[in-house]
**Q** 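Shown below is the structure under consideration.
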There are 2 protein chains.
Amino acid sequence: MPYGCGVTKTSPAPDQLRPAGRATRAAIEAAARVLFADRGFEGASVRAIAAEAGVDPALVIRHFGSKEALFLRTVDTSLGIGSVIEGPLETVGRRLVAYFLDPALPGLRKRFVALAQAAHHDQVREEMVRHTAETYVAPLVPRLTGEHRELRAALAVAQLAGLLNLLFVQEDPIVSGADPETVIAIYGDAIQRLLTPESAA
Amino acid sequence: MPYGCGVTKTSPAPDQLRPAGRATRAAIEAAARVLFADRGFEGASVRAIAAEAGVDPALVIRHFGSKEALFLRTVDTSLGIGSVIEGPLETVGRRLVAYFLDPALPGLRKRFVALAQAAHHDQVREEMVRHTAETYVAPLVPRLTGEHRELRAALAVAQLAGLLNLLFVQEDPIVSGADPETVIAIYGDAIQRLLTPESAA
DNA sequence: TGGGAGTGTCAACACCGTTGACCGAAACCG
DNA sequence: CGGTTTCGGTCAACGGTGTTGACACTCCCA
């Protein structure tokens with residue numbers, strides 16, 4: 001086992017810090033937010049984050065315990081879907097797809113890629129499934145009707161993730177080059193049928 | 001730029017090798033196949049592969065140019081879906097889902113995870129989209145009817161990838177714990193509707 | 001007046017992928 | 001047959017990674 005298996009001693013809780021500590025913590029978090037989003041999890045090294053924050057690399061680990069923990073505290077695991085999901089249920093499929101096809105969200109692609117990359121680390125993966133269950137699946141379930149509501153909601157989210165993977169990780173030319181309205185209609189309706197099968201034609 | 005950006009000098013084509021070279025190449029490939037499948041792309045180090053093959057780590061790079069190239073030559077990017085896709089089109093959705101839910105394929109999960117991990121490296125990613133387009137999408141397209149045939153086939157594959165990600169990478173407890181027949185019915189039919197929308201109820 | 005706790009610095013560890021220098025043996029060729 | 005090129009392999013090293021231990025300094029509190 002290479003790293004991080006022992007109990008590493010982290011800084012105390014942020015609410016009992018001295019001003020100096022709080023400032024450098026904030027600087028490190030800010031630098032990490034920028035570099036993780038820009039270069040992905042593997043591409044942003046602890047040393048680069050420390051340099052960006054004007055700080056010794058060891059301090060990064062001292063304060064946050066590990067690179068993985070820093071990533072978890074830093075990166076916004078939510079992708080801003082919350083407001084989309086809360087909208088009218090009958091059109092949520094198309095609206096979800098349209099949201100991610102909107103080219104006016106340039107940072108979104110990089111954020112998703114960073115998350116997908118980091119998903120291969122245990123702590124990050126666990127946080128992601130927790131977050132997905134809590135903020136995507138859970139609010140959907142009580143609004144559904146019929147059988148297997150939780151399973152259908154989870155599968156709908158998985159289907160959406162499949163599109164994001166194709167778009168952002170694979171950068172598939174077929175879908176990227178296709179007419180956005182067509183993709184929204186076809187794939188959005190497919191997601192919609194998982195959520196509200198009775199409303200399908 | 002860290003590695004592999006220059007033109008690295010690789011061994012000559014395998015068909016004009018001396019017997020010794022051919023043997024060690026085979027040993028390295030065999031060791032790589034085992035370790036990549038077992039530990040994933042990042043988890044299997046060049047040094048570990050070399051040790052498993054009883055060979056100097058430098059030889060691995062000498063023969064294959066880079067770890068990424070070794071991965072490409074080694075790992076079977078196909079997941080065995082070919083025969084499933086070639087079956088009757090009217091039931092391909094459920095059969096695809098059923099294929100990946102079959103617990104009798106223990107190596108499949110690890111192979112997929114290794115591929116997903118390595119997908120963040122450029123050469124591997126390009127080979128994957130090429131392979132996907134060639135062996136999954138292409139044979140499907142001519143059998144479809146209606147509009148946007150290529151796009152629908154690509155989206156169906158993306159939807160399937162979404163399930164694999166949920167199952168194998170995220171290891172989501174909801175889907176893993178659900179009744180396989182239910183998942184096959186719900187998600188399989190959803191994929192089927194992308195491919196043959198006119199045959200839906 | 002201590003003493004601990006928070007904060008920061010530095011060098012080092014063990015690992016990673018990769019490369020350059022060098023050597024022996026085999027193959028080709030005049 | 002001798003010479004030269006190529007191939008196969010070994011070794012040490014480079015620059016990079018995340019992380020840790022030893023140490024010094026400063027602040028606050030008993």
Side-chain angles (χ1 to χ4, degrees), chain A residues 1-28 32 35-36 39-51 53-72 117-118 120-124, chain B residues 1-28 32 35-36 39-51 53-71 117-118 121-124:
Chain A
M1 302 250 165
Y3 313 118
C5 295
V7 178
T8 61
K9 207 170 290 179
T10 316
S11 267
D15 53 349
Q16 50 179 4
L17 281 185
R18 305 221 266 253
R22 207 178 315 226
T24 66
R25 265 185 89 101
I28 294 172
L35 290 190
F36 276 142
R39 310 184 188 173
F41 181 77
E42 317 283 355
S45 71
V46 171
R47 281 169 167 86
I49 292 172
V55 140
D56 190 279
L59 257 185
V60 176
I61 304 296
R62 275 287 122 80
H63 272 291
F64 294 91
S66 70
K67 181 185 183 181
E68 210 176 332
L70 173 63
F71 182 81
L72 276 176
Q117 233 180 95
H120 298 281
H121 297 258
D122 289 351
Q123 299 175 38
V124 175
Chain B
M1 303 249 162
Y3 312 117
C5 294
V7 179
T8 62
K9 206 169 289 179
T10 315
S11 268
D15 54 346
Q16 50 179 7
L17 279 187
R18 309 220 264 253
R22 208 178 315 227
T24 67
R25 265 185 89 101
I28 293 173
L35 290 191
F36 277 142
R39 309 184 189 173
F41 181 77
E42 317 283 356
S45 71
V46 170
R47 282 169 165 86
I49 292 172
V55 141
D56 190 280
L59 257 185
V60 176
I61 304 296
R62 277 284 125 79
H63 272 290
F64 294 91
S66 71
K67 182 186 183 182
E68 209 176 332
L70 172 63
F71 181 82
Q117 233 181 94
H121 297 258
D122 290 351
Q123 297 175 40
V124 175

**Q** So if I take every side-chain heavy atom of A:I61 and compare against C:dT9, D:dT20, D:dC11, which nucleotide ends up nearest?
**A** D:dT20
**Q** How close or far is atom P of D:dT17 from atom CD of B:E42, stated in whole angstroms?
**A** 14 Å
**Q** Expressed in angstrom and rounded to an integer, what is the separation of A:L59 atom CG from D:dT20 atom P?
**A** 14 Å
**Q** Considering heavy-atom distances to DNA chain D, does B:D56 or A:K67 have its closest nucleotide positioned more toward the 5' end?
**A** B:D56
**Q** From CZ of A:F64 over to C1' of D:dT20, roughly how many Å is that when rounded to an integer?
**A** 18 Å
**Q** Using the six-membered ring of A:F36, assess whether NZ or CZ of A:K67 lies under 6.0 Å from its centre and within 45 degrees of the ring axis.
**A** no
**Q** Less than 4.0 angstrom between a side-chain N/O of A:T24 and OP1 or OP2 of C:dG8, yes or no?
**A** yes
**Q** If I compare all heavy atoms of A:A27 with all of A:A53, which pair ends up nearest, and what's the gap?
**A** O-CB, 3.7 Å
**Q** B:E42 vs A:H121, test: side chain to side chain contact (heavy atoms under 4.5 Å, CB included). Steps then yes/no.
**A** CA-CA 11 Å; B:E42 317 283 356; A:H121 297 258; over 6 Å; no
**Q** I'd like to know if the side chain of B:E68 reaches the main chain of B:Q123, judged simply by a donor and an acceptor atom lying under 3.5 Å from each other, with no hydrogens or angles considered.
**A** yes
**Q** Rounded to whole Å, please give me the gap between NE2 in A:H121 and P in D:dG18.
**A** 10 Å
**Q** Whole angstroms only, please: what is the CD1-C1' distance between A:I49 and D:dG16?
**A** 15 Å
**Q** What nucleotide, of C:dC16, D:dG9, D:dG18, holds the atom closest to the side chain of B:S45?
**A** C:dC16
**Q** Output the single nucleotide from D:dG21, C:dA21, C:dT18 whose closest atom is nearest the side chain of B:R62.
**A** C:dA21
**Q** Mind calculating the distance between CD1 (A:I28) and P (C:dG8) to the nearest angstrom?
**A** 8 Å
**Q** Consider the side chain of A:A58, meaning its heavy atoms from C-beta on, and name the nucleotide among D:dT10, C:dG17, C:dA11 that approaches it most closely.
**A** C:dA11
**Q** Assess the pair A:H120 and A:F41: is the distance between their ring centroids shorter than 6.0 Å?
**A** no
**Q** Report the distance from atom CZ of A:R22 to atom P of C:dT7, rounded to the nearest whole Å.
**A** 9 Å
**Q** Could you report the tightest heavy-atom contact between B:R39 and B:A48, atom names first, then the distance?
**A** NH1-CB, 3.8 Å
**Q** If I take atom CD in residue A:E68 and atom C1' in nucleotide D:dT17, what distance separates them, rounded to the nearest angstrom?
**A** 15 Å
**Q** How is the base pairing of DNA chain C summarised as a dot-bracket string, given the Watson-Crick and G-U wobble criteria with both distances under 3.5 Å, [ ] for crossing and | for another strand?
**A** ||||||||||||||||||||||||||||||
**Q** Counting only side-chain N and O atoms of B:H63, is one of them less than 4.0 Å from OP1 or OP2 of D:dC7?
**A** no
**Q** Decide side chain to side chain contact (heavy atoms under 4.5 Å, CB included) for A:L70 and A:I61; before the verdict, give the C-alpha distance in whole Å, the side-chain angles of both, and the deciding distance to 0.1 Å.
**A** CA-CA 8 Å; A:L70 173 63; A:I61 304 296; over 6 Å; no
**Q** Is there a donor N/O on one and an acceptor N/O on the other, under 3.5 Å, for the side chain of A:R47 and the base of D:dG15?
**A** no
